[in-house]
Amino acid sequence: FYNLKNLEKLSAKKKKLQDAITIEASSEKLQEMYYELGSIKSMLYDFDGANSAYKRSFELGPDTDIGRKAKFNMAFNYKLDNKHQKSEKLFAEISDESPGTELAADTKYWKADSLRNQGRYKEAVKEFEELAEVSKDKSLAQAALFRSGYTYMYDLEDVEKAKAAFGELKQKFGATNISAYVDRDII
């Protein structure tokens, strides 16, 4: 994906967008352009530049789908750039702003992941467990329950709680790829 030819194409597309942004008058079109620019800069690992573009996109329409996606992508970029506290804060804001939505569930997962990456394992487990309990998305609930067990096992070194989490995973979701992995490689 990231060979020289593709990087040149992305850079050219970035330049073209930046030039077009300076003359665009429609705020709706500008929001889309800034979002696309943020996506390109993310692919180029320019997370600060990407977040600057996403922020502009968000500011042009915070209540639009693109605005909400831009905010989510900013939080995710902070996570990728090891700025976990900023990531956690934004994920929490998004979750609070859209309770009960798929976006809120996704942000809760990545907030828990960010907590875990900061070494805040007990907080992470709590978030993963809460998400596994309330998520309507079966695969997200499975992943959260797995990450809870994994965090207990390897980070908190609490084998009994890990077994309980993995047991709940198997009980709730039966024979899945995740539970097969647990049986084969963990327990």
Taking [Y] as the starting point, is it possible to reach [X] by hopping between hydrophobic residues whose side chains are less than 4.5 Å apart?
| X | Y | result |
| --- | --- | --- |
| Tyr150 | Phe173 | yes |
| Leu115 | Phe146 | no |
| Leu145 | Phe166 | yes |
| Leu80 | Met43 | yes |
| Phe72 | Tyr54 | no |

>> Below 30° counts as parallel, above 60° as perpendicular, anything between as tilted: where do the rings of Phe47 and Tyr45 land?
In response: perpendicular
Which of parallel (below 30°), tilted (30 to 60°) and perpendicular (above 60°) describes Phe91 and Phe76?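 Plane angle over 60°, so perpendicular.
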Is it true that [Y] and [X] share a donor-acceptor pair across their side chains at a distance under 3.5 Å?
| X | Y | answer |
| --- | --- | --- |
| Asn73 | Tyr35 | yes |
| Ser52 | Tyr34 | no |
| Gln118 | Glu88 | yes |
| Ser135 | Asp137 | no |
| Glu129 | Tyr152 | yes |

Taking the side chain as every heavy atom from C-beta outward, state whether [X] and [Y] have any pair of such atoms under 4.5 Å apart.
| X | Y | result |
| --- | --- | --- |
| Leu4 | Glu8 | yes |
| Asp81 | Asp48 | yes |
| Lys122 | Leu156 | yes |
| Thr64 | Glu28 | no |
| Ile40 | Leu44 | yes |

Is the side chain of [X] donor-acceptor paired with the backbone N or O of [Y] at a distance under 3.5 Å, no angle test?
| X | Y | answer |
| --- | --- | --- |
| Ser98 | Ile94 | yes |
| Arg147 | Phe128 | no |
| Ser114 | Trp110 | no |
| Ser87 | Tyr78 | no |
| Thr107 | Leu103 | yes |
| Thr22 | Asp19 | yes |

*Above 12 or not: heavy atoms from other molecules or residues under 6.0 Å from CD of Glu102?*
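Open.
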inquiry  = Tell me if the NZ atom of Lys172 is crowded by more than 12 foreign heavy atoms within 6.0 Å.
reply    = yes
Checklist entry - Would you call Arg68 and Asp65 a salt bridge, using N to O less than 4.0 angstrom? => result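 Looking at Asp65 together with Arg68, the answer is yes, because their closest N to O distance falls below 4.0 Å.
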message = Any carboxylate oxygen within less than 4.0 angstrom of a Lys/Arg side-chain nitrogen, looking at Arg116 and Glu123?
response =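 So Arg116 does not pair with Glu123 through a salt bridge.
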Before giving the answer on side-chain hydrogen bond (donor to acceptor under 3.5 Å, both in side chains), spell out for Gln31 and Glu59 the whole-Å C-alpha distance, their side-chain angles and the decisive distance to 0.1 Å.
CA-CA 8 Å; Gln31 184 183 36; Glu59 290 168 344; over 6 Å; no
